[in-house]
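Okay, so here's the structure we're looking at.
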Number of protein chains: 2
Amino acid sequence: MTEEIKAVARRHLASDGANLSLRAVARDMGMASSAVYRYFASRDELLTALIIEAYDSVGEAAERADAAAAGADFTDRLVTVGLAVRDWALAEPHQWALIYGSPVPGYQAPQDTIMPATRVIFLIAGIVRDAYAAGRIAERPEITGRYAEELAAVAEQFGPDIPPRLVGAAMAAFIQLCGAVSAELFGQLNNSVDEDRRGFLEFQIRGAAAFIGL
Amino acid sequence: MTEEIKAVARRHLASDGANLSLRAVARDMGMASSAVYRYFASRDELLTALIIEAYDSVGEAAERADAAAAGADFTDRLVTVGLAVRDWALAEPHQWALIYGSPVPGYQAPQDTIMPATRVIFLIAGIVRDAYAAGRIAERPEITGRYAEELAAVAEQFGPDIPPRLVGAAMAAFIQLCGAVSAELFGQLNNSVDEDRRGFLEFQIRGAAAFIGL
DNA sequence: CCACAACGAGAGCACTGCTCTTGCATTCGT
DNA sequence: ACGAATGCAAGAGCAGTGCTCTCGTTGTGG
């Protein structure tokens, strides 16, 4: 039942945009709006469920694309993942806006969402870690400063002896990917790069890979 | 009068978030909600006015910071501009979300907004152009493909004989900046880089500068 | 002096999220 | 087998929203 509500809500999200109306969802299902509150305590809770699904969906799409590109060059794997994320975002623009766009006003993301949110960045960091283990990362001067210490703490979650600089570069690549996809989706690229946006994204990802040291 | 409405609306935006209520603005001014419609045909039109103001505000902040850093190293100028944009975004997070976050549902940006929107990217591209004219950009293989042609068309707006690769890298730097600021503002960095986000941003900007060839 | 335009107030429509009460089935315990 | 308890949905209602329409006031120019 909750699944059906989520499905209808997702459909509404895809057509109407972020201002998801609980009443409209209920109307679509032929039930009173109050009945939906049996399954979701509030509109925010329904939003949270959709957010978690969206994170899982894009994460799975990225992982599947990377699995299909197994054995390829590390840089090409990054490109593959990035393009897969873009393809997903183009197919589900409102879901993308839900998770990587401006936060819904008055909505505080609960703890449940932070775990699925890490799937893509973990995938990217994993590729970088494997490349480092394979000795394919060029040597670079290590970073210093307070943020370097924080990145070193993050690095321990990925594996032993990963240079903080590499973790920072991997996060930067992910952030750049998010920014590039959002820029395309939110109209930032209009009137400058209108046709071959896929090629422009690949250009950017290869730049991020170079920054990593690949 | 329209100025006063915009001022109150901006205050509401800063406190309540993106769901700006026309009635609340009218209440704050001691007038009926219908009276506001004398000055703005719709809520969207008020939003548009605020969006234009926000673009101008961040653009001016960036330009002022760059002017104050005149004569500095080109890379340092990029860093200065990036940090100024970040400072503005931290001071006005809702205005940032308004212009660089997910578009308001059902809102179609009119033509009036595209000109002010280009101020920051023009500033960055200008720095890159000057660096190129000064011979400070390292040689890189030129890009090819459909997006390279589109970037070549864009390059003509910036000056004569600018390599398309450079325009692409400048745009990539701007996109990366937007992504990084949005990531910080929208909570993407939580639980990984929590203290020295300024340092992490500088790290990323220097990466973008390296990609440009500085 | 009067007409006209500008302006604001108020009522009202259709919509929203959310709460509370009521009623109908089903099912469970004795 | 029968009453009780539970799960579920509907409906009314509240406070709020964007927006439209009408009506009264006010100020100014001819």
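Order of the sequence lines sets the chain letters (A, B, ...), proteins ahead of strands, with each chain counted from 1.
Among residues at least two apart or in separate chains, there is no salt bridge (Lys or Arg N to Asp or Glu O under 4.0 Å) pair with a member in residues 168-181 of chain A. Evaluation of the side-chain hydrogen bond (donor to acceptor under 3.5 Å, both in side chains) test over residues 162-172 of chain B, restricted to residues two or more places apart or in two chains, returns none. Sorted pairs that involve residues 166-187 of chain B and meet ring pair (Phe, Tyr, Trp, His ring centres under 6.0 Å), not counting sequence neighbours, are lacking altogether. Residue pairs meeting the salt bridge (Lys or Arg N to Asp or Glu O under 4.0 Å) criterion with at least one partner in residues 175-195 of chain A, sequence neighbours excluded, are A/Arg86-A/Glu184, A/Asp194-A/Arg197, A/Glu195-B/Arg146. Among residue pairs with one or both ends in residues 120-132 of chain A, none qualify as side-chain hydrogen bond (donor to acceptor under 3.5 Å, both in side chains); sequence neighbours excluded.
With sequence neighbours excluded, the residues satisfying side-chain contact (heavy atoms from CB on, under 4.5 Å) with B/Val79 are B/Leu83, B/Glu202, B/Ile205, B/Arg206. Judged as a side-chain hydrogen bond (donor to acceptor under 3.5 Å, both in side chains), and not counting sequence neighbours, the contacts of A/Asp66 are A/Arg77. With sequence neighbours excluded, the residues that form a salt bridge (Lys or Arg N to Asp or Glu O under 4.0 Å) with B/Arg198 are B/Asp87.
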Can you list, pair by pair, the side-chain donor-acceptor contacts under 3.5 Å of residues 21-40 of chain B, counting residues two or more places apart and other chains?
| from | atom 1 | to | atom 2 | distance (Å) |
| --- | --- | --- | --- | --- |
| B/Ser21 | OG | B/Arg23 | N | 3.4 |
| B/Ser21 | OG | B/Ala24 | N | 3.0 |
| B/Asp28 | OD2 | B/Arg11 | NH2 | 2.9 |

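Using cut-offs of 30° and 60° on the angle between ring planes, the pair B/Tyr100 and B/Tyr55 is perpendicular.
Across all strands shown, A/Phe40 has no heavy atoms under 4.0 Å from either base or sugar-phosphate atoms. B/Met1 comes within contact range of the sugar-phosphate backbone alone, with a heavy-atom separation under 4.0 Å but no base atom that close.
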Treating primed atoms plus P, OP1 and OP2 as sugar-phosphate and everything else as base, which nucleotides of nucleotides 11-24 of chain D get B, S or - for protein heavy atoms under 4.0 Å? B-B---BBBBB---
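For the helix from C/dC1-D/dG30 to C/dT30-D/dA1, the terminal axes (five pairs an end, C1' atoms, rotation from four pairs onto the next four) enclose an angle of 10°, given to 10 degrees.
Taking every nucleotide of DNA chain C with any atom under 4.0 Å from a non-hydrogen atom of chain B, the first and last of them, 5' to 3', are C/dC7 to C/dG12.
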